[in-house]
Amino acid sequence: MADKIDVTLSVELAHQCVKCSACRSVCPTYSVVKEERSSPRGRLALAEAVIDGILPLNDDIARQWNECAMCRRCEWICPNEVEYKEIMFRARYKADKKIKEPVKTAVYKGLATFGTVISKISMKFAPSLMKAYGTVFKKDVPEYNAVFLDTGVPKFTKLIPKPTAKPFGLRGKKVTPENKKGTLLFFTGCMIDAFYGKTGESVIKLMEKAGYEVFVPKNIKCCGAPQLYGGYVDLFEKLYDHNKKEIDKYSFDYIVVACPTCGGALKEEYGYPVKDFAEILKEEGYITFRGNGEKVTFHFPCHSYTAMKMNPDIYRDLLKNIKNAEYREGNEAMMCCGFAGYFSVSNYDVAVELQKKKIKDLQDTGSQYVLSDCPGCVFNLADGMYKHGDYKNIDVQHLADYLYERLEDDKS
C-alpha cells in the first residue's frame, strides 16, 4: 500500500502565489470568461481566503475551482514556480468533502473501472448498443470512423469514435526486434484501450522500428490522473496501488506513452522513467517518413510540456523533417483545446468557446491534416471539426497513426 497522500491545503502552499498575473496570459478559461475569478491567480486567492478563514467554503468557490481545466499552463509560465496542481487538487478534495457532485463522482468512478473484467465485457457490447441507439439519434461519420450521438442535451452530444474492434486487445502483446536496443513498457491508457486500438498498434510498430522490444502489461488500469486532478484522492490511491503492483512485476528501461496525461502521472506521481513515443523517435533520427504533398498542422497537448516537461520542439522537428509534407503551425497551437476530460461537460459553455477558437486556428493554417499526441485531444478536435469545421476535407489523427502510415522504409 502506498503512503497516503497528504491532502492538507497548507498555508505555505496557498500563499505561494505573488499575484503577478503572468498566468492570465496563458489561462484558457480566463481567455473566454475574462474575469479575475476565472484566472489561476483568482482561484489561488480564493484558496488563500478559505485557508485564512476570511471566506467560508461554499458552492460558488467550489465552482470557481472546478472551472479550471487543469492544463497547468500557469505552472509552465509562472516565474515563481507556484505548484498550482498541488494546490488545486487539494482544494478540490476539500470542496468535495463538503459539497457533493454525484455526476462527477460517477464519471471518475467509472474511469477507475477501466481494465476490469466488467469494463472489458461492456466494451465488447458497446458497438451493438450504439447501433441499437437508432438512426434518429446517431449519424455515421465515415471520415473519422465515428458516430455522432445526439442525446438531446448539448453537453452530452458528441462525435464518438467507434469502439476499437478488440477492446483491451493490446494487453499482453509483446514484440522483440533483432538487435534490440532496450525494453519499453507501453502504458496504453483508457482511450487507446477502448477507442483507439489502431493508435496503440502504431506506437508499438514505430517503437519496434526504432529497435525496441515493447510489451503491454496485462492488468493495468486508469493511470489515475483524472481522479487526482479532480480531487478524488482516495480513488487515485487505489489505482496507484494496483498499477504499481502490476508494473513492478516487469523489467524495462522506460515506460512509453502516447498520452501525455498518463505520462505526466506516471512520471510525477509514480516516479517511473517515462518517455513519450515522439521523444524516442526524435532520438532515433535515422527513421524517415515521407508524406504525399500534404500540409500538416499540430495541436500541442498541454500536459506534454507542463506535466511531462517535454520540449515542444520535439514535435516540430519530427514534423518539419517529414519528406514531401509541409508543416504549418497555428497561432494558438499551444492553447488548450477545451477537452480536459470532465471539464468539457461541467464547463460546457467555456469548453465550446475554446473548441471553436482552436478549430478556427487550425483551419486557418490551410492544412489537410490536424495531428495531436493525446487521444483525448484527438477526440475533442474531431468532435470540434465535425461541429464547427470542414471535417470532410480535414483529417484529424493521432500523431502515431500519421507517422506510421508514412514510414519510408518497409513496414512489414
Side-chain angles (χ1 to χ4, degrees), residues 7-105 107-108 154-155 226 228-233 302-303 306 332 334-358 380:
V7 294
T8 305
L9 183 55
S10 66
V11 172
E12 290 76 19
L13 272 176
H15 284 272
Q16 284 183 347
C17 178
V18 297
K19 314 296 185 299
C20 72
S21 87
C23 56
R24 296 202 306 185
S25 66
V26 298
C27 176
T29 52
Y30 181 77
S31 74
V32 174
V33 181
K34 298 292 186 185
E35 293 183 10
E36 180 66 18
R37 63 186 175 85
S38 296
S39 72
R41 183 175 72 168
R43 295 188 189 101
L44 294 183
L46 289 173
E48 286 184 39
V50 169
I51 294 304
D52 292 342
I54 298 170
L55 290 175
L57 176 54
N58 55 31
D59 287 357
D60 186 55
I61 290 176
R63 260 196 310 275
Q64 305 314 317
W65 290 342
N66 285 326
E67 195 182 61
C68 172
M70 290 296 278
C71 63
R72 299 173 59 183
R73 284 166 55 80
C74 51
E75 291 181 19
W76 171 62
I77 201 172
C78 180
N80 205 39
E81 299 183 349
V82 172
E83 300 171 277
Y84 185 82
K85 180 202 76 175
E86 299 297 319
I87 299 168
M88 197 47 53
F89 88 72
R90 287 174 169 85
R92 287 177 167 180
Y93 176 85
K94 189 177 182 70
D96 180 64
K97 291 301 176 185
K98 187 177 181 65
I99 302 160
K100 299 298 180 184
E101 294 186 73
V103 175
K104 181 181 174 185
T105 301
V107 168
Y108 289 133
K155 63 184 178 182
L228 181 65
Y229 284 7
Y232 288 74
V233 177
C302 300
H303 288 161
T306 61
E332 300 288 334
M334 294 183 70
M335 177 55 88
C336 176
C337 70
F339 180 56
Y342 185 69
F343 170 87
S344 64
V345 174
S346 61
N347 297 282
Y348 176 74
D349 292 337
V350 174
V352 167
E353 288 306 309
L354 290 170
Q355 187 185 56
K356 286 179 179 178
K357 287 165 67 175
K358 174 61 69 171
N380 192 53

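None of these values were measured; they are calculated from a predicted model. Numbers here simply count residues along the sequence, with the first being 1.
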Using the test salt bridge (Lys or Arg N to Asp or Glu O under 4.0 Å), find all partners of K98 that sit at least two apart in sequence or belong to another chain.
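Partners of K98 by the salt bridge (Lys or Arg N to Asp or Glu O under 4.0 Å) criterion come out as none, since no residue qualifies.
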
Output all residues satisfying salt bridge (Lys or Arg N to Asp or Glu O under 4.0 Å) with K85, sequence neighbours left out; order by chain, then residue number.
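With sequence neighbours excluded, K85 shows a salt bridge (Lys or Arg N to Asp or Glu O under 4.0 Å) to E268, E269, given in chain and number order.
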
How would you list, by chain and number, every residue that makes a side-chain contact (heavy atoms from CB on, under 4.5 Å) with [X], sequence neighbours excluded?
X    : value
S10  : E12, L13
P102 : none
E35  : V33, R37
C27  : T29, Y30, P40, R43

Taking the side chain as every heavy atom from C-beta outward, state whether [X] and [Y] have any atom pair closer than 4.5 Å.
X    : Y    : answer
C20  : N80  : no
F339 : K358 : no
M70  : R92  : yes
Y108 : D96  : no
M335 : P28  : yes

Provide the full list of side chain to side chain donor-acceptor pair (under 3.5 Å) pairs with a residue in residues 338-355, sequence neighbours left out, each pair given once.
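Matches after skipping sequence neighbours: Q355-N380, Q355-D383, Q355-H388.
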
Would you tabulate the side-chain donor-acceptor contacts of residues 50-58 under 3.5 Å, counting partners in other chains and residues two or more places apart, or write 'none'?
residue : atom : partner : partner atom : Å
D52     : OD1  : H15     : NE2          : 3.2
D52     : OD2  : H15     : NE2          : 3.1
N58     : OD1  : D60     : N            : 3.2
N58     : OD1  : I61     : N            : 2.9

Work out which heavy atom in [X] is nearest to a heavy atom in [Y]; give both atom names and the distance.
X    : Y    : result
G230 : K104 : O-NZ, 3.3 Å
L44  : C17  : CD1-CB, 3.7 Å
I77  : C23  : CG2-CA, 4.1 Å
A47  : I87  : CB-CG2, 4.4 Å
F343 : A69  : CD1-CA, 3.7 Å

Ionic contact status for R63 with E67, cut-off 4.0 Å:
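Looking at R63 together with E67, the answer is no, because their closest N to O distance does not fall below 4.0 Å.
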
Ring pair (Phe, Tyr, Trp, His ring centres under 6.0 Å): which pairs involve residues 51-76, sequence neighbours left out?
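As it turns out, the ring pair (Phe, Tyr, Trp, His ring centres under 6.0 Å) pairs with a partner in residues 51-76, which skip direct neighbours, are W76-Y305.
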
Report the residues that fulfil side chain to side chain donor-acceptor pair (under 3.5 Å) with K357, sequence neighbours left out, ordered by chain and then residue number.
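Side chain to side chain donor-acceptor pair (under 3.5 Å) check on K357 returns S31.
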
What residues, two or more places apart in sequence or in another chain, satisfy side chain to side chain donor-acceptor pair (under 3.5 Å) together with T306?
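Checked T306 against side chain to side chain donor-acceptor pair (under 3.5 Å); zero matches.
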
Can you tell me how the ring of H303 sits relative to the ring of Y229, calling it parallel under 30°, perpendicular over 60° and tilted otherwise?
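The arrangement is perpendicular - the two ring planes meet at more than 60°.
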
Drop me the distance from L228's CG to Y93's OH, to the nearest 0.5 angstrom.
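Rounded to the nearest 0.5 Å, the CG-OH separation comes out at 12.0 Å.
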
Closer than 3.5 angstrom, by distance alone: can the side chain of K94 be matched with the main-chain N or O of G231 as a donor-acceptor pair?
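Between the backbone of G231 and the side chain of K94 there is no qualifying donor-acceptor contact (under 3.5 Å).
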
What pairs meet the salt bridge (charged side-chain N to carboxylate O under 4.0 Å, His left out) rule with one or both residues in residues 15-31, with sequence neighbours excluded?
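Residue pairs passing salt bridge (charged side-chain N to carboxylate O under 4.0 Å, His left out), neighbours aside: K19-E48, R24-E36.
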
Take Y84 and C68, measure what side-chain contact (heavy atoms from CB on, under 4.5 Å) needs, and give me the verdict at the end.
CA-CA 11 Å; Y84 185 82; C68 172; 3.4 Å; yes

